[in-house]
Chemist: 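Here it is, the structure in full.
A, B, ... follow the sequence lines: proteins, then strands. Residue 1 opens every chain.
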Amino acid sequence: MSAPAPGSFETRVLHVVRRIPRGRVATYGDVATMAGRPRAWRAVGTIMRTCRSPSVPCHRVVAAGGRLGGYSDPLRKRRLLQDEGVVVGPTTLPQFAAIRWTTLDTS
DNA sequence: ATTTTGACCGTGC
DNA sequence: CGCACGGCCAAAA
């Protein structure tokens with residue numbers, strides 16, 4: 001089993017994503033900031049791509065500006081978010097500002 | 001150690 | 001609104 005080194009950026013990112021509440025979303029930039037590297041959103045995407053763990057709700061990570069962002073299966077991502085009560089537009093989240101989650105949020 | 005690769009971001013046209 | 005370009009970062013090759 002190839003496990004990421006403890007304390008690595010990947011481990012911290014996965015930890016953050018796992019903390020995103022159901023029905024809420026966070027941007028790659030937000031995750032990067034919460035992981036301690038505000039300018040590492042690029043790497044967050046790279047890590048997300050390798051993250052195929054079902055324990056990590058990677059579908060709750062969206063792009064900046066409330067855009068849907070990428071996914072291995074875009075349709076699946078939409079369905080998962082809608083299943084959590086998230087309103088998903090054609091390529092954006094109309095309620096993005098309301099459901100955006102950060103560590104500063106009371107939850 | 002160096003190069004390539006991305007589920008990105010912001011700006012400009 | 002859409003597309004092109006540069007910049008940014010860590011992981012993988």
Chemist: Would you check, one step at a time, whether the test side chain to side chain contact (heavy atoms under 4.5 Å, CB included) holds for A/Asp83 with A/Arg79?
Modeler: CA-CA 6 Å; A/Asp83 198 40; A/Arg79 199 190 98 222; 5.6 Å; no
Chemist: Calculate the interatomic distance between A/Tyr28 atom OH and C/dC9 atom C1'; express it in whole Å.
Modeler: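 To the nearest whole Å, that distance equals 15 Å.
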Chemist: At a heavy-atom distance below 4.0 Å, what parts of residues 9-17 of chain A sit against DNA chain B?
Modeler: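 None - not one residue of the stretch has a heavy atom sitting under 4.0 Å from the strand.
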Chemist: In whole angstroms, how far is the C1' atom of C/dC3 from the CZ atom of A/Arg67?
Modeler: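 These atoms are roughly 12 Å apart.
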Chemist: Check the distance between B/dG6's C1' and A/Met48's CE and give it to me in whole angstrom.
Modeler: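 Going from A/Met48 (CE) to B/dG6 (C1'), I get 13 Å.
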Chemist: Would you mind checking if A/Glu84 and A/Arg24 are paired as a salt bridge, meaning a charged N to carboxylate O distance below 4.0 Å?
Modeler: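 No salt bridge links A/Arg24 with A/Glu84.
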Chemist: Regarding A/Ala40, tell me which of base, sugar-phosphate or nothing describes its non-hydrogen contacts under 4.0 Å with the strands shown.
Modeler: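 Sugar-phosphate only.
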Chemist: When you get a sec, tell me which of B/dG10, C/dC9, C/dA11 is the closest nucleotide to the side chain of A/Ala43?
Modeler: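 Of the options given, the side chain of A/Ala43 lies nearest C/dC9.
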Chemist: With sequence neighbours excluded, tell me which residues meet side chain to side chain contact (heavy atoms under 4.5 Å, CB included) with A/Ser8.
Modeler: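 Partners of A/Ser8 under the side chain to side chain contact (heavy atoms under 4.5 Å, CB included) test: A/Pro4, A/Ala5, A/Glu10, A/Thr11.
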Chemist: DNA chain C: A/Thr50 or A/Val44, which has the more 5' nearest nucleotide?
Modeler: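 Looking at DNA chain C, the more 5' nearest nucleotide goes with A/Val44.
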Chemist: Considering only Ile, Leu, Val, Met, Phe, Trp and Tyr, and joining two whenever side-chain heavy atoms are under 4.5 Å apart, list the other residues clustered with A/Met34.
Modeler: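 Via sub-4.5 Å side-chain contacts, A/Met34 links to A/Phe9, A/Val13, A/Leu14, A/Val16, A/Val17, A/Ile20, A/Tyr28, A/Val31, A/Trp41, A/Val44, A/Ile47, A/Met48, A/Val56, A/Val61, A/Trp101.
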Chemist: Evaluate the side-chain proximity of A/Leu68 to A/Leu93: yes if any heavy-atom separation is below 4.5 Å, no if none is.
Modeler: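 Side-chain contact under 4.5 Å: yes.
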Chemist: Taking all heavy atoms of A/Gly89 and all of A/Pro94, pick out the closest pair and write down the distance.
Modeler: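 Smallest interatomic distance, heavy atoms only, reads N-CD, 3.6 Å.
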Chemist: Check salt bridge (Lys or Arg N to Asp or Glu O under 4.0 Å) between A/Arg37 and all other residues, then give those that pass, not counting sequence neighbours.
Modeler: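 Here no residue qualifies.
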Chemist: Here's a test of your reading of the structure: between A/Arg37 and A/Trp41, which maps to the more 5' nucleotide of DNA chain C?
Modeler: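 The residue mapped nearer the 5' terminus is A/Trp41.
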Chemist: So, using side chain to side chain contact (heavy atoms under 4.5 Å, CB included) as the criterion, who are the partners of A/Arg100 when residues are at least two apart?
Modeler: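 Counting only residues at least two positions away or on another chain, A/Arg100 forms a side chain to side chain contact (heavy atoms under 4.5 Å, CB included) with A/Thr27, A/Asp30, A/Phe96.
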Chemist: Roughly how many Å is it from CZ in A/Arg39 to C1' in C/dG6, rounded to a whole number?
Modeler: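 A/Arg39 atom CZ is separated from C/dG6 atom C1' by 15 Å.
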Chemist: For the atom pair CZ (A/Arg22) and CD1 (A/Ile99), what is the distance rounded to the nearest 0.5 Å?
Modeler: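 These two atoms lie 12.5 Å from each other.
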Chemist: Go through residues 69-96 of chain A and report each residue with a non-hydrogen atom lying under 4.0 Å from DNA chain B, sorted by number.
Modeler: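 Result for residues 69-96 of chain A: A/Gly70, A/Tyr71, sorted by number.
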Chemist: Relative to the 5' end of DNA chain B, which residue comes earlier, A/Thr46 or A/Thr27, by the nucleotide with the nearest heavy atom?
Modeler: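 The answer here is A/Thr46.
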